[in-house]
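Here the structure comes first, spelled out in structure tokens, and everything after it is commentary.
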Amino acid sequence: MNAANRSDFYIGLALAVSSTIFIGGSFILKKKGLLRLAQKGSTRAGQGGYAYLKEWLWWAGLISMGIGEIANFAAYAFAPATLVTPLGALSVLVSAVLSSYFLSERLNIHGKIGCLLCIFGSTVMVLHAPQEEEVASLTAMAEKLKDPGFIAFAVCIVVSSLALIFFVAPRYGQKNVLVYILICSVIGSLSVSCVKGLGIGIKELFAGTAVLKEPLFWALLICLVICISIQISYLNKALDIFNTSIVTPIYYVFFTTSVMACSAILFKEWLQMSADGAAGTVSGFLTIIVGIFLLHAFKDINFKLDSLPLYLHHGPQDRTWNQPYIALPTDERTTMDESNRTKERNAKSFFPESSDKRSNGTFNT
């Protein structure tokens, strides 16, 4: 890899990491501003008021998120999508760590392990990510978009998305969390491709190339607006109906997988990787998935090291199963007996005696 490609790779990496810091910090700033409004007795966002617009911390969070999104947008112009997209998980890590310090939100042992796994997985992905980028101009991007493999992939994405939106979502969208998330994820793979092309075009624009006269530039911009609008709409629907701790890790997995598949087909970055590099990238991605799951799935559980079984702290001699049997008090035994009798009555009412039932418990056919 020559010096120019190496420089672009590290610029893209720095932009991707900085975007996660700004985006993760923006959640803390906006939440801090809303909490200050609540302490003053003002109406918070989402409750019919606009007092939050007067809170400077809320505006600071909005500006921080804008800077983070711009940095993430620019990162695609310098680094492969296979590297930039999975690193978005670091914003969750930054938000979790900062909230424990500035919002007094406890980060349990599952969250701490999840943070470490996210850092470890991201490091592994950076070390094994493809460091060569073939597409350096909109002309080359146009040639990539004409590839039959990508055309077939894009047609499948559009057809499956339309089927999910018009046929599956109205019937199962409010029952199954995967419906809305699948729509966001598959559409997101196309939006990242548009961002990649626009980033390359803007990079050429600063270099003096008249890319604004290229129809492809405006076609990618229109496609990006449509894709992002659909993503935001259905992601908000998923967050309104289902728990955030369920939506966030599932969306990350499906979205990142879709983007990596699209990147492999469009830019063929995986063809430039060795077997150990591909295995390292996949392993790092799976490690990040586990870390995100631990951060979200157990965030409401008050679990600390002190909650571990006593034999982990004091050794085998203090294990609880070596203690003698202690009978329950009379009132507790009576309560348990009544509970068992109730369960037996419910079981009999659920399975009534009939002539079809044999003595061995089976039924005639």
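A quick note: this is a predicted structure, and the numbers were derived from the prediction, not measured.
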Query raised in the report: Crowded around F22 CZ? As in, over 12 foreign heavy atoms under 6.0 Å?
Result: no
Query raised in the report: Taking the side chain as C-beta and beyond, is there a heavy-atom pair between F217 and I202 under 4.5 Å?
Result: yes
Query raised in the report: Crowded around F73 CZ? As in, over 12 foreign heavy atoms under 6.0 Å?
Result: yes
**Report entry** Spacing of M260 atom CE and F255 atom CZ [to the nearest 0.5 Å]
**Finding:** 12.0 Å
Query raised in the report: Can you check whether C118's main-chain N or O pairs, donor with acceptor, with S122's side chain at less than 3.5 Å?
Result: yes
Requested in this report: Determine whether V158 and Y234 fall in the same hydrophobic cluster, where Ile, Leu, Val, Met, Phe, Trp and Tyr are linked whenever their side-chain heavy atoms lie under 4.5 Å apart.
Outcome: yes
Query raised in the report: What distance separates I63 CD1 from S26 OG, expressed to the nearest 0.5 Å?
Result: 11.5 Å
Query raised in the report: Is there side-chain contact between W218 and L212, with at least one heavy-atom pair below 4.5 Å?
Result: yes
Requested in this report: Please report the shortest heavy-atom distance between K144 and L266, naming the atom on each side.
Outcome: CD-O, 3.3 Å
Query raised in the report: For V253, does its backbone N or O pair with a side-chain atom of T256 as donor and acceptor, under 3.5 Å?
Result: no
Query raised in the report: Around atom CZ of F293, are there more than 12 heavy atoms of other residues, nucleotides or ligands at under 6.0 Å?
Result: no
**Report entry** Single-linkage hydrophobic cluster L190~L162, side-chain heavy atoms < 4.5 angstrom
**Finding:** yes
**Report entry** Side-chain heavy atoms of L87 within contact of L13, under 4.5 Å
**Finding:** yes
Report task. Flag the pair L286 / I289 as yes when at least one side-chain heavy-atom distance between them is below 4.5 Å, and no otherwise. Result -> yes
Report task. Kindly compute the distance separating OG1 (T123) from NE2 (H128), expressed to the nearest 0.5 Å. Result -> 11.5 Å
**Report entry** Beyond-backbone contact of Y251 with C184, side-chain heavy atoms, under 4.5 angstrom
**Finding:** yes
Report task. Look at the side-chain heavy atoms of Ile, Leu, Val, Met, Phe, Trp and Tyr, link any pair under 4.5 Å apart, and say whether I232 and I187 land in one connected group. Result -> yes
Query raised in the report: Same cluster or not: are V282 and F285 linked, directly or through other Ile, Leu, Val, Met, Phe, Trp or Tyr residues, by side-chain heavy atoms under 4.5 angstrom apart?
Result: yes
Query raised in the report: How close do S191 and C227 get, heavy atom to heavy atom, and via which atoms?
Result: CB-CB, 3.7 Å
Report summary line: Between L216 and L138 the two heavy atoms that sit nearest each other are CD2-O, 3.6 Å
Query raised in the report: Do the side chain of T20 and the main chain of V17 share a donor and acceptor less than 3.5 angstrom apart?
Result: yes
Report summary line: Test side-chain contact (heavy atoms from CB on, under 4.5 Å), reference Y76, set I200, L198, T85, output is T85
**Report entry** Closest approach of S283 to T287 (non-hydrogen atoms, all atoms of both residues)
**Finding:** O-OG1, 2.7 Å
Query - Nearest-0.5 Å distance that lies between atom CD1 in I250 and atom OH in Y180 - result: 15.0 Å
**Report entry** hydrophobic_cluster_shared for L178 and V159, side chain cutoff 4.5 Å
**Finding:** no
Requested in this report: Inspect the surroundings of NZ in K203 and state if more than 12 heavy atoms from other residues, nucleotides or ligands are less than 6.0 Å away.
Outcome: yes
Query raised in the report: When rounded to the nearest 0.5 angstrom, what is the spacing between CD1 in I181 and OG in S258?
Result: 11.5 Å
Query raised in the report: Where is the tightest heavy-atom contact between L98 and G25, given as atom of each residue plus distance?
Result: CD1-CA, 3.9 Å
Query - Main-chain N/O of A71 paired to S19 side chain as donor or acceptor, under 3.5 Å - result: no
Requested in this report: May I ask you to test the C262-V192 pair for a side-chain heavy-atom distance under 4.5 Å?
Outcome: no
Report summary line: Between Q174 and I241 the two heavy atoms that sit nearest each other are CG-CD1, 3.6 Å
Query raised in the report: Does CD belonging to E214 count more than 12 external heavy atoms closer than 6.0 Å?
Result: yes
Query raised in the report: Does any N or O in the side chain of T281 come within less than 3.5 Å of the main-chain N or O of G277, such that one atom is a donor and the other an acceptor?
Result: yes
Report task. Just do the side chain to side chain contact (heavy atoms under 4.5 Å, CB included) check on I288 and Y252 with the steps written out, would you? Result -> CA-CA 10 Å; I288 295 175; Y252 172 79; 3.1 Å; yes
Requested in this report: Please examine the side chains of L145 and M141, heavy atoms only from C-beta on, and report whether any two atoms are closer than 4.5 Å.
Outcome: yes
Report task. Could you list the residues that satisfy side chain to side chain donor-acceptor pair (under 3.5 Å) with K237, not counting sequence neighbours? Result -> none
Query raised in the report: At what distance, to the nearest 0.5 angstrom, does CD1 of I151 lie from SG of C156?
Result: 12.0 Å
